[in-house]
Amino acid sequence: MAERENSRKMYNEINLDKIDINANPPTEEPARQYYFMAKCRQYTEQFQEEHGRIPMAHVQNYGCQMNARDSEKLAGILEAMGYGLIDSEEADFVIYNTCTVRENANNKVWGRLGYLNVYKKKHPHMKIALCGCMMQEADVIEKIKKSYRFVDLVFGTHNIYKFAELLYTALQQNDMVIDIWKDTDKIVEDLPVERKYAFKSGVNIMFGCNNFCSYCIVPYVRGRERSRKPQDILREIKKLAADGVVEIMLLGQNVNSYGKNLHEPMTFAQLLSEIEKIEGIERIRFMTSHPKDLSDELIAVMGKSRKICNHLHLPLQSGSSRILKEMNRRYDKEQYLALVAKIRAAVPDIALTTDIIVGFPGETEEDFLETMDVVKKVGYESAFTFIYSKRTGTPAAAKEEQIPEEVVKDRFDRLLKEVQRCSTARAEALTGRTEEVLVEEVNEQDDTLVSGRMGNNFIVHFPGDKGLIGKIVKVKLKECKGFYFYGELDGQER
Ligand code: 5AD
Ligand code: SF4
């Protein structure tokens with residue numbers, strides 16, 4: 001048999017070839033999952049013998065950066081099992097890592113599943129799996145059981161670390177395997193990860209959310225806040241740095257409350273100070289910050305840091321103090337604006353981005369104008385604007401005054417225009433400056449250009465070749481195109 005590309009690869013110092021797959025499975029994690037990865041390898045080896053090629057897998061990600069990071073873990077586990085990874089759904093194994101934050105995220109998945117069903121009919125050996133936030137909803141599971149019988153494996157957010165074991169079960173049987181947990185306090189470290197980028201990586205620092213904003217389904221599908229131990233986070237980042245990663249994005253639903261429930265509590269600002277010391281890491285980003293928990297200590301750390309990017313994502317959700325109360329955000333318009341002023345004073349160059357929801361139940365024109373007022377006053381570099389989506393089980397879904405669609409649409413369009421105006425104005429002010437840029441890729445439309453990101457998260461395209469990817473270089477911003485720039489290399493790489 002041809003030598004398998006990854007058969008000798010070590011996964012976190014574990015050699016899968018050395019695992020005795022005829023012994024009983026270990027009870028400890030992650031050893032148990034490595035055992036099942038080795039078991040699944042038997043399947044992929046047999047597949048290769050039968051088909052003359054390795055089986056191909058596709059991981060489709062929906063949703064936020066946390067999901068994207070989870071998808072990298074799923075891909076890493078599949079690779080360890082001996083699957084090849086491809087970007088197409090015409091694969092031997094397809095897994096959708098779903099999102100449910102707004103209804104259109106769910107609709108996308110139902111739509112794609114119809115297509116997968118057709119493909120699977122022609123390729124009956126194919127296996128289909130669903131995981132992620134949407135699977136934590138009881139009515140979704142009922143619908144899959146009833147109308148999507150061709151799905152082979154369903155699991156949720158709390159037991160994603162068990163993917164290898166669950167897939168092994170699904171490969172052994174023809175019935176649908178479903179394993180959904182209500183919550184967990186468990187965090188399993190050291191599973192394989194297949195990073196999308198060689199030079200930058202997300203790093204989870206906490207999971208779950210305790211805030212219960214009244215519109216949001218996340219606390220119900222991601223469970224209570226759990227912080228990873230600082231030593232596990234630092235160990236992971238050191239390993240990433242040794243592997244060539246220069247930029248990290250610390251991930252959590254509410255990073256500002258990091259460490260509160262650790263055995264030995266630690267603040268997010270303290271964690272950042274420790275990360276700052278890691279050699280090789282040049283840029284530190286984080287998201288998401290809840291305004292109510294953003295401490296003076298954090299602002300001070302941001303002010304003096306050399307590595308924390310001059311970008312802060314600070315979700316506003318609404319500019320109306322009345323609506324913010326209804327949303328259970330626990331800050332008002334004045335407090336938010338005061339916080340912005342404090343941050344700008346400490347980090348003058350900081351780029352601010354935000355999330356805004358339009359059409360929350362009971363939102364009046366006056367409330368909406370308060371939101372527009374904050375947008376104008378803050379002058380965001382960019383904003384994600386969302387139409388309120390009713391999520392079953394959240395307190396806001398029970399509110400009677402849902403806003404008519406045409407009113408919401410009109411407000412949404414007005415908001416978008418204002419956001420674009422602010423964003424362009426902020427960007428134009430940067431034209432002519434020279435900025436440090438992390439080069440990410442060759443430009444998709446024009447391969448004489450490369451594209452990279454500045455610390456403030458704006459994108460710039462400039463002449464260069466793929467040898468620059470992963471490097472931080474100085475680029476002069478020549479022309480502003482609203483959301484992005486054209487530039488040229490300014491001197492030598494840093
Ligand atoms: N409807 C619309 N937008 C929502 N978000 C969260 N829940 C909803 C909802 N029910 C938005 C918030 C959050 C972002 C990730 O998604 O703005 O910050
Ligand atoms: Fe949802 Fe609010 Fe938690 Fe963000 S902080 S995940 S909006 S409940």
Side-chain angles (χ1 to χ4, degrees), residues 61-70 98-108 132-134 136-137 157 183 202 204-227 249 251-258 260-261 268 286-294 312-320 323-331 336 352-363 367-368 371 374-375 380 382-399 401-403 405 408-409 411-412 415-416 419:
N61 189 60
Y62 295 93
C64 65
Q65 311 238 19
M66 301 277 279
N67 259 28
R69 183 64 179 156
D70 283 345
T98 63
C99 169
T100 187
V101 73
R102 285 169 293 276
E103 198 176 351
N104 52 8
N106 295 40
N107 292 340
K108 257 188 233 160
C133 294
M134 192 176 151
Q136 292 295 139
E137 290 182 275
T157 54
D183 209 341
N204 298 107
I205 62 164
M206 59 194 302
F207 302 93
C209 181
N210 287 354
N211 286 322
F212 290 95
C213 301
S214 66
Y215 50 82
C216 186
I217 201 166
V218 168
Y220 305 89
V221 297
R222 286 263 174 191
R224 295 295 65 73
E225 260 173 38
R226 303 172 306 281
S227 295
M249 164 80 93
L251 298 170
Q253 242 75 42
N254 181 14
V255 292
N256 300 116
S257 68
Y258 171 79
K260 284 189 181 150
N261 37 26
F268 180 52
F286 53 84
M287 86 186 316
T288 294
S289 292
H290 195 305
K292 81 173 163 62
D293 296 314
L294 201 135
L312 180 68
H313 186 67
L314 194 64
L316 169 69
Q317 312 301 3
S318 168
S320 152
I323 293 290
L324 285 168
K325 194 149 198 270
E326 295 282 311
M327 287 177 161
N328 191 30
R329 290 290 287 177
R330 285 169 278 173
Y331 55 84
Y336 185 94
L352 293 172
T353 58
T354 200
D355 293 343
I356 298 170
I357 298 175
V358 176
F360 182 83
E363 183 189 71
D367 293 319
F368 173 70
T371 300
V374 176
V375 170
Y380 295 103
S382 130
F384 296 101
T385 50
F386 304 108
I387 287 182
Y388 168 75
S389 170
K390 186 172 167 179
R391 307 314 288 132
T392 312
T394 60
K399 290 189 190 287
E401 309 157 88
Q402 305 284 335
I403 312 292
E405 210 179 302
V408 180
K409 189 80 191 49
R411 287 180 193 162
F412 184 83
L415 177 66
L416 200 62
V419 162

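Residue numbers run from 1 in the order of the sequence given. Ligands are counted one by one from 1 in listed order, and the atoms in each one are counted from 1 as well. No hydrogens, no waters, no symmetry mates; every other heavy atom, side chains included, goes into these values.
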Please round to the nearest 0.5 Å and tell me the distance separating atom [atom1] of [X] and atom [atom2] of [Y].
X: Met134; Y: Glu103; atom1: CE; atom2: CD; result: 9.5 Å
X: Asn67; Y: Arg222; atom1: CG; atom2: CZ; result: 5.0 Å
X: Cys216; Y: Gln317; atom1: SG; atom2: CD; result: 8.0 Å
X: Asn107; Y: Ser389; atom1: CG; atom2: OG; result: 8.5 Å
X: Leu316; Y: Leu324; atom1: CG; atom2: CG; result: 6.5 Å

Can you tell me which residue and heavy atom of the protein come closest to [atom], and the distance to 0.1 Å?
atom: atom 1 (N) of ligand 1; value: Ser389 N, 2.9 Å
atom: atom 7 (S) of ligand 2; value: Tyr215 OH, 3.3 Å
atom: atom 12 (C) of ligand 1; value: Gln317 OE1, 3.4 Å
atom: atom 7 (N) of ligand 1; value: Tyr215 CD1, 3.3 Å
atom: atom 14 (C) of ligand 1; value: Asp355 OD2, 3.5 Å
atom: atom 6 (C) of ligand 1; value: Val101 CG2, 3.4 Å

Exercise for review: If the plane angle is over 60° it's perpendicular, under 30° parallel, otherwise tilted; pick one for Tyr215 and Phe360.
Suggested key: perpendicular
Close-contact set for ligand 1 against [X] heavy atoms, below 4.0 Å:
X: Arg391; value: 10 (N)
X: Tyr388; value: 1 (N), 2 (C)
X: Ile357; value: 3 (N), 4 (C), 5 (N), 12 (C), 17 (O)

Review point. Which of the listed options, Gln253, Lys390, Arg102, holds the heavy atom that is closest to atom 5 (N) of ligand 1?
Key: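 Selected option, by shortest heavy-atom distance: Arg102.
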Review point. Between Arg102 and Asp355, is the closest basic N to carboxylate O distance under 4.0 Å?
Key: no
Check your understanding: Using the benzene-type ring in the case of Trp, are the ring centres of Phe212 and Tyr220 under 6.0 Å apart?
Key -> yes
Practice item. Would you check whether Ile387 reaches within less than 4.0 Å of ligand 1, judged by its heavy atoms? Key: yes
Is any side-chain heavy atom of [X] closer than 4.5 Å to a side-chain heavy atom of [Y]?
X: Asp367; Y: Arg411; value: no
X: Asn211; Y: Asn328; value: no
X: Arg329; Y: His290; value: yes
X: Leu352; Y: Tyr380; value: yes

Review point. Looking only at heavy atoms, is any part of Arg222 under 4.0 Å from ligand 2, and if so is it the side chain, the backbone, or both, or is it neither?
Key: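 No part of Arg222 comes within reach of ligand 2.
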Review point. Which protein N, O or S atoms lie under 2.8 Å from atom 3 (Fe) of ligand 2, given by chain and residue number?
Key: Cys209 SG
Review point. What do we get for Phe386 next to ligand 1 when only non-hydrogen atoms under 4.0 Å count, side chain, backbone, both or neither?
Key: side chain
